[in-house]
Every structure is written in structure tokens, then in C-alpha cells.
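For this chain, numbers begin at 1 and follow the sequence in order.
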Amino acid sequence: MKLWYSFTKELKLSSKSWYFYIEIGMAIVFLVILLFVVPENFNDKSGEYIYMDLPDTYVEYMFDQTRNEDLDHQEQIVELEINDRTVTATLFITSDKEIYYLDDKQAVFDFADIEKKFAADMYLNDKGEIAYTYYLQGYEADRLKNLYLVFHNKVASLGDIKTHVEAQEVRVMHEGFKDMSDRESFIPVFLTFNGSLMGLFIIAAYIFLDKQEGIIKAYAVTASTVWQYLLSKVGVLSVTTLITSLIMVIPIIGFDINYGLLILFLITSGLFASSLGLVLTSYFKDFMQSFGALFIVIIFFMLPNIAYFIPSWDPVWMKFIPSYYMIQSFKEIILPSTDVNFVLMSSLGLFIAGSVLFTFANYRFKKTLTI
């Protein structure tokens, strides 16, 4: 009963604090960024710039082949700007790339040299065969260079290679997966930052404000206990986290996710982040003294964002950072094929870690009161 009274009192006081509106404002800022800055999906079509020094018959053949892959089977005549010049190109748009055929060899070279685009020349060699010159940037992987060598080898024709590739059996182990849009892929990062790590900052601000006004010392002579006071703060942060997270999630995702699982994970991750914030604040007198420590912890916790956006860089040590599991769990919750066991195990781990940190924070604050 005392805990509920302390929680409702803290909730009323927090709703009148400008820290509460900072969190609401941050959630709205993130929502505006997602809706109006981040596109639903980034344009991931690669551009290819090709010059053909070939007889008209070969050129028409190449156009016919590319036209069959074009989305509407119709080329476009476009003008491009390169090196202070305007050049005309024939554009074909396929499902994964934009192919520009130019009549200007120097322009193709300039696109490779200045714009760092993929570019190539096609011409007839001394034997009357079609030959290719690729303009590489120098950072291409050996696998790509080897692939060019395979395609242009003199032992097996391109038709033989195609026949061999099509004869390969590809078995799909799991079906029914649906990828997130580029916009949705940002939500796990924003939820981790705003829903959990931002709470670490905010609870520190609440505690230092109470320290400044002497409210914490009053608990040494009142019937209420320190742990009830601290837990009511964690409860207030959890409520704020739920509100700000739903502000971001509902307009972007809608109601097509497991909100029960989302709320559970927001509570456990919020408990962990808030308890960590309590432990840190127990070692400092005011916000200015603790700012450096809080900043370092949050930067450290944001490192898994790099691995999230660059899946090829995922070192083992990254998995020892708790925020790694926060980001991955939020991602799993948003995915249609949610790995419920992973989210539940992450919730359990954060709950245990948060409980240990909270117990230690309670010990630290009680020790401070008895001095």
C-alpha cells in the first residue's frame, strides 16, 4: 500500500516535471523523423553505365535482352550531368538496377572516375569477339574479380555456365519470412535509445533533483523505506517508457505485432536501465559530476547499433553488451515471425540483472543515508 501511494505520488510529481515532457518530446521527434525523413524503403538499385562500341546489330541485340528485364519493357531517354557536361543515355530499370547505355565513352569513364559508379566498355576485339573493359574502384572483393574471370574465360561459354548454374538445386530451409521495411528497421534502435537508455538519463535527473531538495534524506526519518522510493521511481520511468514507445510504434507498425510481448520487454529492459542509472547516481552528488559516467555508459551501450546496421561486422564481444539483446529483441518483436523464446529469455536475463542492480542501488542509498 505504501509502495502504491509512493508510486502514485511520484507519478503526479513527474507529470508536472519538464523531464517528463522531454521524453514525450523526444518520442515525437523520433516519430516525425521516421514518418517524414526516413523513406519506407531506400532506393537500393545499383547504377550501371555502359558504352558500346559495337555494330548496330549487336547494340539492338543488347537492347532487346535488357528490354526483356525492364520492369515495363520500355526504355527511357534521359539526360545526365557529369563533369559539367550534359550527356544523353538510354535507361532501362530492372528489379535491382538501373542500366544506362551512353554513346559517350569519356562520360562513362567520368562516371566511374568521379561518381565512383560501376562502368564498362563493350567492343569487338581483333578476333571479332565481344570484349569488355571494366572500370573498378580498387575496393572490390576478390570474389567479384574472380567472377569476371569466370564469365570471360575461354574454356566454357557463358551459355555453359548458365546451364550449369540453373542445374544447381537450391533448397529453402524456411519459408514464410517477411522482411521489415527500411523505416521499420529503425524502430528497434529508437526504442532501445528512447525507451531504455534515455530512462537511464531521466532517472538520474529525478534522483539528483530530489538530492538537491533533500527529499531522499527525509526517508531516514519516515515510515517509508528507501527501496519503496527507488522502486516508485522505476515504476514512473516504466510508465513513461511505455507511453513514449507506443507513440513511436503504433503509427509506424500498427497493431500487427505482439503488444503483450513488447510491453513485457519494455518493462524488463526499463528495469535494467533504471536500476543501472540508480547505481551510477549513488556515486555522485549532482548531475554535472555524473554526466561523464552516464555519457560513457550510453555510448558504450549504443555500440551494438553498428553491428545491427552492418550485419557483416558482428564480433563476439558485442554480445556481452546488454543493449545488443535489447535491439535484437525489439527487432524480433516487430518481425512477423517473432522468436518468442529469444525475447522471453532476454527479458528474463534483463529482469535478473536489473533486480541485482536494484538491490545494490538500494544498499548504496541506505548506506548514504546512515552517514
Side-chain angles (χ1 to χ4, degrees), residues 25-49 69-72 76 78 91-100 115-118 137 139-141 144 172-198 241 244-259 261-262 265-266 269 298-299 301-315 318-319 321 323-340 342-343 346:
M26 285 292 294
I28 294 175
V29 168
F30 285 145
L31 177 62
V32 170
I33 291 174
L34 288 172
L35 288 177
F36 300 105
V37 178
V38 179
E40 183 72 21
N41 285 296
F42 292 106
N43 181 14
D44 56 355
K45 293 181 184 297
S46 61
E48 297 182 359
Y49 298 78
E69 299 179 10
D70 190 280
L71 295 177
D72 58 1
Q76 305 173 43
V78 298
L91 169 63
F92 295 91
I93 302 177
T94 68
S95 59
D96 58 351
K97 56 189 174 183
E98 296 176 348
I99 305 173
Y100 297 89
E115 300 291 335
K116 309 302 179 186
K117 301 292 186 181
F118 173 87
Q137 303 298 328
Y139 51 74
E140 289 82 0
L144 177 63
V172 179
M173 301 299 291
H174 301 282
E175 294 182 340
F177 288 103
K178 179 184 175 184
D179 290 334
M180 292 187 296
S181 67
D182 291 332
R183 180 180 292 161
E184 292 172 344
S185 67
F186 277 83
I187 290 182
V189 175
F190 285 178
L191 287 179
T192 302
F193 181 78
N194 186 70
S196 300
L197 301 184
M198 191 70 180
T241 297
T244 55
S245 298
L246 293 179
I247 286 176
M248 289 187 290
V249 173
I250 291 178
I252 303 296
I253 305 294
F255 296 94
D256 195 23
I257 63 171
N258 189 336
Y259 275 95
L261 203 59
L262 175 64
F265 192 75
L266 284 171
S269 60
I298 289 182
I299 293 297
F301 274 41
M302 293 302 288
L303 286 178
N305 288 339
I306 302 174
Y308 176 72
F309 285 113
I310 308 176
S312 59
W313 186 74
D314 190 16
M318 192 75 73
K319 297 180 181 178
I321 303 176
S323 54
Y324 176 91
Y325 297 94
M326 293 181 185
I327 295 173
Q328 295 300 327
S329 295
F330 283 130
K331 176 185 173 183
E332 286 294 334
I333 292 171
I334 293 173
L335 283 171
S337 54
T338 303
D339 188 345
V340 177
F342 179 84
V343 179
S346 298

To the closest 0.5 Å, what do you measure between [atom1] ([X]) and [atom2] ([Y])?
{"X": "Ile187", "Y": "Lys331", "atom1": "CD1", "atom2": "NZ", "result": "13.5 Å"}
{"X": "Ile333", "Y": "Leu262", "atom1": "CD1", "atom2": "CG", "result": "5.0 Å"}
{"X": "Phe265", "Y": "Ser245", "atom1": "CZ", "atom2": "OG", "result": "11.0 Å"}
{"X": "Tyr259", "Y": "Ile250", "atom1": "OH", "atom2": "CD1", "result": "4.5 Å"}
{"X": "Met326", "Y": "Leu191", "atom1": "CE", "atom2": "CG", "result": "11.5 Å"}
{"X": "Leu335", "Y": "Gln328", "atom1": "CG", "atom2": "CD", "result": "9.5 Å"}

For Glu69 and Phe92, run side chain to side chain contact (heavy atoms under 4.5 Å, CB included): C-alpha distance rounded to whole Å, both residues' side-chain angles, the deciding distance at 0.1 Å, then the answer.
CA-CA 8 Å; Glu69 299 179 10; Phe92 295 91; over 6 Å; no

Partners passing side chain to side chain donor-acceptor pair (under 3.5 Å) against [X] (at least two apart in sequence or in another chain):
{"X": "Tyr100", "answer": "Glu98"}
{"X": "Ser323", "answer": "none"}
{"X": "Ser185", "answer": "none"}

My understanding is that only residues two or more places apart in sequence, or in another chain, count here; which of them pass side chain to side chain contact (heavy atoms under 4.5 Å, CB included) with [X]?
{"X": "Phe36", "answer": "Val32"}
{"X": "Leu35", "answer": "Leu31, Ile252"}
{"X": "Lys319", "answer": "Asp314, Tyr324, Tyr325"}
{"X": "Phe309", "answer": "Phe186, Val189"}

Partners of Glu48 by salt bridge (Lys or Arg N to Asp or Glu O under 4.0 Å), sequence neighbours excluded?
Lys97

Does Thr94 offer a backbone N or O that forms a donor-acceptor pair with the side chain of Asp70 under 3.5 Å?
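Side chain of Asp70 to backbone of Thr94: no pair is present.
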
Under 3.5 Å, side chain of Thr338 to main-chain N/O of Glu332, donor-acceptor pair present?
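Yes, Thr338 side chain to Glu332 backbone: donor-acceptor pair under 3.5 Å.
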
Contact between [X] and [Y] at the side-chain level, heavy atoms closer than 4.5 Å - yes or no?
{"X": "Phe30", "Y": "Thr244", "answer": "no"}
{"X": "Ile33", "Y": "Val29", "answer": "yes"}
{"X": "Val343", "Y": "Asn258", "answer": "no"}

Residues Pro304 and Ile321: closest non-hydrogen pair is CG-CG2, 4.0 Å

